[in-house]
Amino acid sequence: MPLYKLPRGTLDILPAEQVYWEYVKHKAIALCQLYGYQRLDTPAFEDFNLFARSMGEGTDIVDKEMYTLEDKSGKKMSLRPEGTAPICRAYLEHGLYNLPQPVRLYYFATVFRYERPQAGRYRQHYQFGFEAIGDADPALDAEIISMTWHFCLSLGLKGLCLQLNSIGCKVCRPHYLENLKRHYSACLTQLCPDCKARLIRNPLRLLDCKKKSCQEAIETAPKSINYLCQECKAHFESIQRYLELLGIPFKVSHRLVRGLDYYTRTVFEIQSPGEGIQNALGGGGRYDELIEELGGKSTAAVGFAAGMERIILNLKRQNVSIPALPRPSIFIAYLGDEAKAEAIKLAFKLRQAGIAAITAMGGRSLKAQLRQANTFGTSYSVIIGEDEVKSQTVALRNMTTKEQKTIPSTKLEELFRRD
RNA sequence: GUGGGCGUAGCCCAGUGGUUUAAGGCGCCAGGUUGUGGCCCUGGAGAUCGAGGGUUCGAAUCCCUCCGCUCACCCCA
């Protein structure tokens with residue numbers, strides 16, 4: 001019967017699912033208010049080059065996964081594959097560098113990547129992220145990381161692991177990469193085919209390989225933190241001191257790298273305890289060179305982004321109890337046309353007074369109407385029949401105690417306004 | 001892009017010794033005497049058995065092709 005299906009890798013978020021989404025959004029917004037972060041929304045598509053430049057040509061996201069199209073004027077536009085670059089673009093475009101620095105921002109965004117869908121991975125997914133732009137202080141890294149940790153705790157997730165690493169800056173990273181490549185070139189024969197390709201394309205990702213055959217090479221590989229320059233080293237140590245000060249548990253992992261080119265120094269990731277799935281709930285890091293790359297002055301920045309679907313997946317797995325969404329507590333049933341008109345009028349008046357109500361529809365029996373009220377779970381039903389219309393009253397039934405009394409219809413408003 | 005698993009009503013699914021009105025449960029709708037819900041009882045609607053082709057007197061069932069879903073790899077949130 002249906003002529004169309006939802007596009008591959010996308011999701012209809014049905015009413016029954018919305019509790020989770022509202023829950024996560026509310027926690028996220030509360031968190032940002034607590035830390036003084038302000039919302040900034042950007043469009044779903046941008047100039048192709050914004051992403052090509054920021055994430056780096058040669059990354060899979062830019063080369064293979066972007067939804068790019070030419071608009072009617074011939075401009076190359078892309079659906080956003082991530083949230084940070086557009087935020088930086090907006091920061092520059094609207095002169096947010098004139099505000100007191102750092103500028104603290106957050107966003108919810110749909111992001112698009114053309115990939116084969118699987119558990120916790122979609123072609124369109126929702127990200128929640130926050131960014132602090134305009135300060136290189138390691139205390140700001142610590143703030144972002146502590147916010148991330150705080151967020152996960154407030155959601156009620158357990159057993160999460162915070163991984164931390166530093167991949168250096170443009171001064172010290174080239175030196176490290178040389179050593180990494182030398183190490184891998186020496187044991188080339190035992191590497192998996194993917195890793196052979198990585199060695200040329202994206203050496204940092206070598207550390208991320210899951211194949212058994214490559215684990216030894218990773219274990220014995222040089223660690224980025226041993227190649228940091230003075231400044232990067234001091235920065236990284238400082239972050240760790242702040243995190244210890246805050247009592248936030250973290251694990252320095254020399255294997256942790258991030259997929260996008262713009263990261264400098266700090267990288268971190270929050271991992272769920274689950275096995276065999278996309279276990280990164282979110283990740284972030286510092287990107288001190290990105291703003292300049294996009295045409296601004298040299299501006300330090302740090303941020304984090306989380307995948308909403310993955311968070312929700314974990315909330316379900318861990319059976320975190322989610323508060324129900326509010327529903328109307330009054331159901332209005334009627335018998336006959338005159339009563340129906342009264343019912344519609346009454347519902348409108350109640351709603352104007354801020355009292356949520358839902359009315360029956362159609363011409364079903366009272367029995368059927370109350371059956372509906374029952375499945376809606378409203379705690380009260382209002383019944384209007386011919387008698388009530390004549391006497392300007394309504395029958396108010398408490399659905400849990402079954403108590404029912406007749407009251408003047410004008411009384412209803414004040415009765416419910418109280419609770 | 002590569003590889004595995006799976007496609008029967010909105011949902012969960014029975015049925016693959018070829019012959020059935022394609023069964024059941026949940027949900028939905030309606031009834032169980034006058035205007036009263038949850039439990040129970042009865043009834044109803046709802047499926048071109050993922051699509052197309054082939055074999056056969058006869059296919060949900062066997063064969064081929066395609067499509068879709070799903071999981072993993074790659075990549076990433």
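Bear in mind that the values here come from a model prediction, so they are computed numbers and not experimental data. First the proteins, then the strands, lettered A, B, ... as listed; each starts at 1.
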Which nucleotide in A77(B), C73(B), U36(B) has an atom nearest any side-chain atom of Ala280(A) = A77(B)
Salt bridge Glu342(A)-Lys345(A), side-chain N to carboxylate O under 4.0 Å | yes
Output all residues satisfying ring pair (Phe, Tyr, Trp, His ring centres under 6.0 Å) with Phe268(A), sequence neighbours left out; order by chain, then residue number.
-> Phe304(A)
Ring pair (Phe, Tyr, Trp, His ring centres under 6.0 Å) partners for His150(A), two or more places apart = Tyr35(A)
Pick base, sugar-phosphate or nothing for Asp387(A), based on heavy-atom distances below 4.0 Å to the nucleic acid.
-> base
Reading RNA chain B 5' to 3', how would its secondary structure be written in dot-bracket notation, given Watson-Crick and G-U pairs with both distances under 3.5 Å, brackets [ ] for crossing pairs and | for partners on other strands?
-> ((((((((.[[[..)........]]].(((((.......))))).....(((((.......))))))))))))....
Sequence-distant partners of Tyr176(A), ring pair (Phe, Tyr, Trp, His ring centres under 6.0 Å), two or more places apart | Tyr227(A)
Taking only residues two or more places apart in sequence, or in another chain, which ones meet Tyr287(A) in a ring pair (Phe, Tyr, Trp, His ring centres under 6.0 Å)?
-> Tyr262(A)
Quick one: do the Tyr37(A) and Glu143(A) side chains pair a donor with an acceptor below 3.5 Å?
-> yes
Between A45(B) and A23(B) - P atom distance, rounded Å = 12 Å
In terms of heavy-atom contacts, Leu315(A) and Leu155(A) come closest through CD2-O, 3.6 Å
Whole angstrom is fine here: how far is it from CZ in Arg310(A) over to P in C75(B)?
-> 14 Å
Go through the structure and list residues passing side chain to side chain contact (heavy atoms under 4.5 Å, CB included) with Gln127(A), not counting sequence neighbours.
-> Tyr107(A), Val111(A), Arg113(A), His125(A), Ala305(A)
Can you sort out which residues in residues 334-350 of chain A have a heavy atom within less than 4.0 Å of RNA chain B? Ascending by number, please.
-> Leu335(A)
Base, sugar-phosphate, or nothing for Arg113(A), non-hydrogen atoms under 4.0 angstrom?
-> base
Which whole-number value in Å describes the distance from Phe108(A) CZ to A77(B) P?
-> 18 Å
Identify whether any heavy atom of Gln372(A) sits under 4.0 Å from a base atom; if not, whether one sits that close to sugar-phosphate; answer base, sugar-phosphate or nothing.
-> sugar-phosphate
Considering only the P atoms, how many Å lie between G17(B) and C62(B), rounded to the nearest integer?
-> 8 Å
Qualifying residue for ring-ring contact (aromatic ring centres under 6.0 Å, His included) with Tyr126(A), from Phe108(A), Tyr20(A), Trp21(A) | Trp21(A)
Round to a whole Å and report the spacing from CG of Leu366(A) to P of A30(B).
-> 12 Å
Name the nucleic acid region contacted by Ala368(A), choosing base, sugar-phosphate or nothing; use a 4.0 angstrom heavy-atom cut-off, strictly under.
-> sugar-phosphate
Between protein and nucleic acid, restricted to nucleotides 66-70 of chain B and to nitrogen or oxygen atoms under 3.5 Å apart, what atom pairs and distances do you find?
unit_1 : atom_1 : unit_2  : atom_2 : d
G68(B) : O2'    : Lys5(A) : NZ     : 2.8
C69(B) : OP2    : Arg8(A) : NE     : 2.8

State, with a plain yes or no, whether a side-chain heavy atom of Pro81(A) is found less than 4.5 Å away from one of Tyr67(A).
-> no
May I have the distance from Asn202(A) (atom CG) to C76(B) (atom P), rounded to whole angstrom?
-> 7 Å
Name the nucleic acid region contacted by Glu388(A), choosing base, sugar-phosphate or nothing; use a 4.0 angstrom heavy-atom cut-off, strictly under.
-> base
Closer to the 5' end of RNA chain B via nearest nucleotide, is it Arg205(A) or Tyr114(A)?
-> Tyr114(A)
Between the protein and nucleotides 38-44 of chain B, list the N/O to N/O atom pairs that are separated by less than 3.5 angstrom.
unit_1 : atom_1 : unit_2    : atom_2 : d
G38(B) : O4'    : Asn374(A) : ND2    : 2.9
G38(B) : O6     : Lys402(A) : NZ     : 3.1

How far does the C1' atom of A30(B) sit from the matching atom of G46(B), given to the nearest Å?
-> 15 Å
Whole-Å distance separating the CG atom of Asp208(A) from the P atom of A77(B) = 11 Å
Which heavy-atom pair separates Leu290(A) from Cys88(A) by the least distance, and what is that distance?
-> CD2-SG, 3.8 Å
Scan Glu65(A) against the nucleic acid and name what it touches under 4.0 Å (heavy atoms): base, sugar-phosphate only, or nothing.
-> sugar-phosphate
Between C76(B) atom C1' and Tyr262(A) atom OH, what is the distance in whole Å?
-> 12 Å
Among pairs that include at least one residue of residues 383-397 of chain A, which meet salt bridge (Lys or Arg N to Asp or Glu O under 4.0 Å), considering only residues two or more places apart or in two chains?
-> none
Rounding to a whole Å, what distance do you find between Arg80(A):CZ and C76(B):C1'?
-> 17 Å
Using the C1' atom in both, what is the distance from A59(B) to G53(B), to the nearest Å?
-> 13 Å
Distance between P atoms of G24(B) and G44(B) (Å, rounded) = 10 Å
Quick one: label Arg123(A) by what it contacts on the DNA or RNA (base, sugar-phosphate, nothing), any heavy atom closer than 4.0 Å.
-> nothing
Which residues pass the side chain to side chain contact (heavy atoms under 4.5 Å, CB included) test with Arg173(A), sequence neighbours left out?
-> Ile167(A), Leu177(A), Leu204(A), Thr264(A)
Report the residues that fulfil side chain to side chain contact (heavy atoms under 4.5 Å, CB included) with Lys340(A), sequence neighbours left out, ordered by chain and then residue number.
-> Tyr334(A), Ile344(A)
Going by atom types only, do Thr42(A) and Arg80(A) share a side-chain donor-acceptor pair under 3.5 Å?
-> yes
C1' spacing across the pair C63(B) / U20(B), given as an integer number of angstrom | 24 Å
Specify the separation, in whole Å, of atom CG of Asp194(A) and atom C1' of A72(B).
-> 13 Å
Tell me which of Arg364(A) and Glu82(A) sits closer to the 5' end of RNA chain B, going by the nucleotide each one is nearest to.
-> Arg364(A)
For the side chain of Gln369(A) and the base of U36(B), is some donor closer than 3.5 Å to an acceptor across the two?
-> no
Taking the side chain as every heavy atom from C-beta outward, state whether Ser224(A) and Asn165(A) have any atom pair closer than 4.5 Å.
-> yes
Distance, P atom - from G31(B) to A47(B), rounded to whole angstrom = 23 Å
Nearest-angstrom distance, C1' atom, C66(B) to G7(B) = 14 Å
